[in-house]
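Data first, discussion second: the structure below is written as structure tokens.
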Amino acid sequence: MNFTPPKGTDDIFPPTSRAWRRTLIIWENLAERYGYDLVMGPIFESTDVFARGVGESTEVVQKQMYTFEDKGGRSLTLRPEGTASVVRAFLGSGVQGEMKLAYSGPMFRYERPQAGRRRQFYQTGVEYLATAAPDADAEVIEIGYRFLEELGFPAVEVALNSIGDAACRPAYVEALRIYLNEKRELLCDESLATLETNPLRVLDCKVCAPHLIDSPKAVDYLCGECASHFASIRERLDGVGVPYRLEPRLVRGLDYYTRTAFEYIATGFDAAQNAVGGGGRYDGLAETLGGPAVPGVGLAMGIDRILLAAGQTGADIAPLDLFVVVASPELRERAAGFLSDLRRAGVRADMTPDQRSVKAQFRAANRRKATGAAIIGDEWNSSRVVVRNLTTSIQELISVEEVAEWAKNNR
RNA sequence: GUGGCCGUAGCUCAGCUUGGUUAGAGCACCUGGUUGUGGUCCAGGAUGUCGCGGGUUCGAAUCCCGUCGGUCACCCCA
């Protein structure tokens, strides 16, 4: 084999793909129950959508975009995140009033791969658009938490912060700049550089963090409106029973965030990339994209990281309830009809594509991780079938009509 | 973009330090033991450009240089 997947991309193959399928089904179901309609858009956009939406100064735009020119000379970019495109689509739709949208799909960033960081990675997310109400923030934070909960995710922390808005953030940034300047000799070279361009992000630096524990907190500089918005979110989260931890140093790397910022941290996961989801409010994004002032709040969950952190291989998820074993060639046609009946009755069933020895068919059943087998043999003439529980090896003779029910109970 | 580690059978790896007969193991796969019973057990079977290129040497999986790929971390984020 000469071809391997491009650097930083993965073939998601059985049995691992079983956990993916299960995870995405849980996601779709959850989003629907919370009232989020599906939105699907292009996987590439005009480069400007991201350059302006995400922010020219961000790492993502400066170094990580897959940008190319098409045959018409247009500059296009594989989407590095979902929010900017969804907001672009919303603005283009002409919809008035609030809207709740859910999306799901691959994103692309050109980076050096490592555990939990790929060049193509998969995000599911929601955007609650055209509302500035704090309940929307709380609901979005809740849905991410419930998602992890329904997946049986082992240990997760919700980190929450408010970074203010255009009215109050400048005063905070100024206070932070003064503080950081006083600590200049403690900062690493890179932080000294980012101090000039974006002081907020110095707080992200792992090297400098120990020296910055007494840094000014954004929450102490919030204006009245931002402060009450933040308080309402916390109240609502308490009300619905979503635990969170206030994290004054939480700053996100995309420029469009205002007020609310949050992340889901997988605790006890020993890889460096343990943020399995994140999001925030972006009240200025729509205007940045040339539209009217449309507030919004959203989140993105990193499916690759969630499955990595959960340690799921999918090996324990049985893909088949019943394997149909055909004892002799004459019965094959009857068996095929029987198989079709079972499948239409909701049983996950299969058989080998051609006639083989019974032994080989059982081996196939075992390889396919079927939990049960049904033997189509002489008993068929009296409308009976031998069913075998492949876990316990107990088998019994039951009537044809009972097989579908038996198979479902045998899962 | 910077740095550490690793490339040997389909998979996981041993062998490399101290170069030398046919390069090994486990798992997986195939056949049989069981002419209607898998998974377990027993017997047998197939499997390799030792990542690639060059160098040193009588001789290289083993030493040296280069290169490509993977992986982890920094950075940033999902």
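Below, read A as the first sequence line, B as the second, and so on, with proteins coming before strands; counting in each chain starts at 1.
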What parts of [range] reach RNA chain B, counting only heavy atoms under 4.0 Å away?
{"range": "residues 25-43 of chain A", "result": "none"}
{"range": "residues 389-411 of chain A", "result": "A/Leu390, A/Thr391, A/Ser393, A/Gln395"}
{"range": "residues 274-289 of chain A", "result": "A/Ala275, A/Val276, A/Gly277, A/Gly278"}

Whichever of A/Glu59 and A/Asp10 has its nearest RNA chain B nucleotide further upstream toward 5': A/Asp10

When rounded to the nearest Å, what value does the distance between [atom1] atoms of [N] and [M] take?
{"N": "B/G69", "M": "B/C29", "atom1": "P", "result": "33 Å"}
{"N": "B/G20", "M": "B/A25", "atom1": "C1'", "result": "23 Å"}
{"N": "B/C41", "M": "B/U37", "atom1": "C1'", "result": "16 Å"}
{"N": "B/U57", "M": "B/G19", "atom1": "C1'", "result": "9 Å"}
{"N": "B/G7", "M": "B/C64", "atom1": "P", "result": "14 Å"}
{"N": "B/C42", "M": "B/G51", "atom1": "P", "result": "34 Å"}

Short side-chain to backbone donor-acceptor contact, A/Asn410 and A/Thr371, under 3.5 Å: yes

Do [X] and [Y] have side-chain heavy atoms sitting under 4.5 Å apart?
{"X": "A/Glu142", "Y": "A/Arg146", "value": "yes"}
{"X": "A/Leu322", "Y": "A/Leu342", "value": "yes"}
{"X": "A/Phe90", "Y": "A/Val294", "value": "yes"}

How would you label the contact of [X] with the nucleic acid (heavy atoms, under 4.0 Å): base, sugar-phosphate, or nothing?
{"X": "A/Gln120", "value": "nothing"}
{"X": "A/Ala272", "value": "sugar-phosphate"}
{"X": "A/Gly125", "value": "nothing"}
{"X": "A/Val386", "value": "base"}
{"X": "A/Asp304", "value": "nothing"}

Measure [atom1]/[X] against [atom2]/[N] and give the value in whole Å, please.
{"X": "A/Phe323", "N": "B/G36", "atom1": "CZ", "atom2": "C1'", "answer": "15 Å"}
{"X": "A/Arg117", "N": "B/A73", "atom1": "CZ", "atom2": "C1'", "answer": "9 Å"}
{"X": "A/Arg119", "N": "B/U71", "atom1": "CZ", "atom2": "C1'", "answer": "14 Å"}
{"X": "A/Leu320", "N": "B/G39", "atom1": "CG", "atom2": "P", "answer": "17 Å"}
{"X": "A/Ile376", "N": "B/U37", "atom1": "CD1", "atom2": "P", "answer": "16 Å"}
{"X": "A/Tyr257", "N": "B/C76", "atom1": "OH", "atom2": "P", "answer": "16 Å"}
{"X": "A/Arg109", "N": "B/G1", "atom1": "CZ", "atom2": "P", "answer": "18 Å"}
{"X": "A/Arg356", "N": "B/G38", "atom1": "CZ", "atom2": "C1'", "answer": "14 Å"}

Any N or O donor-acceptor pair linking the side chain of [X] to the base of [N] at under 3.5 Å?
{"X": "A/Gln273", "N": "B/C76", "value": "yes"}
{"X": "A/Arg112", "N": "B/G3", "value": "yes"}
{"X": "A/Gln114", "N": "B/C75", "value": "yes"}
{"X": "A/Asn366", "N": "B/G39", "value": "no"}

Salt bridge (Lys or Arg N to Asp or Glu O under 4.0 Å) contacts touching residues 118-140 of chain A (sequence neighbours left out): A/Asp10-A/Arg118, A/Lys100-A/Glu139, A/Asp135-A/Arg236, A/Asp137-A/Arg281

Is there any protein nitrogen or oxygen under 3.5 Å from a nitrogen or oxygen in nucleotides 68-70 of chain B, and what are the pairs?
unit_1: B/G70; atom_1: OP2; unit_2: A/Lys7; atom_2: NZ; d: 3.0

Looking at [Y] and [X], is there a salt bridge between them, counting it only when a charged N and a carboxylate O are closer than 4.0 Å?
{"X": "A/Glu111", "Y": "A/Arg117", "answer": "yes"}
{"X": "A/Arg74", "Y": "A/Glu69", "answer": "no"}
{"X": "A/Lys183", "Y": "A/Asp214", "answer": "yes"}

Proximity of A/Tyr257 and A/Tyr282 rings by center, below 6.0 Å: no

Residues forming a side-chain contact (heavy atoms from CB on, under 4.5 Å) with A/Ser46, sequence neighbours excluded: A/Val49

Partner set under side-chain contact (heavy atoms from CB on, under 4.5 Å) for A/Thr288, not counting sequence neighbours: A/Arg52

Paired and unpaired positions of RNA chain B as dot-bracket, Watson-Crick or G-U wobble under 3.5 Å, | denoting a partner strand: (((((((..((((......[...)))).(((((.......))))).....(((((..]....))))))))))))....

Extract from the structure each pairing of a protein N or O with an N or O of nucleotides 40-42 of chain B at less than 3.5 Å, listing the distance.
none

Partner set under side chain to side chain donor-acceptor pair (under 3.5 Å) for A/Glu379, not counting sequence neighbours: none

Pull out every protein N or O sitting under 3.5 Å from an N or O of nucleotides 28-32 of chain B, one pair per line with the distance.
unit_1: B/C30; atom_1: OP1; unit_2: A/Arg367; atom_2: NH1; d: 3.3
unit_1: B/U31; atom_1: OP2; unit_2: A/Arg363; atom_2: NH2; d: 3.3

Pairs flagged by ring pair (Phe, Tyr, Trp, His ring centres under 6.0 Å) wherever residues 165-194 of chain A is involved - sequence neighbours left out: A/Tyr172-A/Tyr221

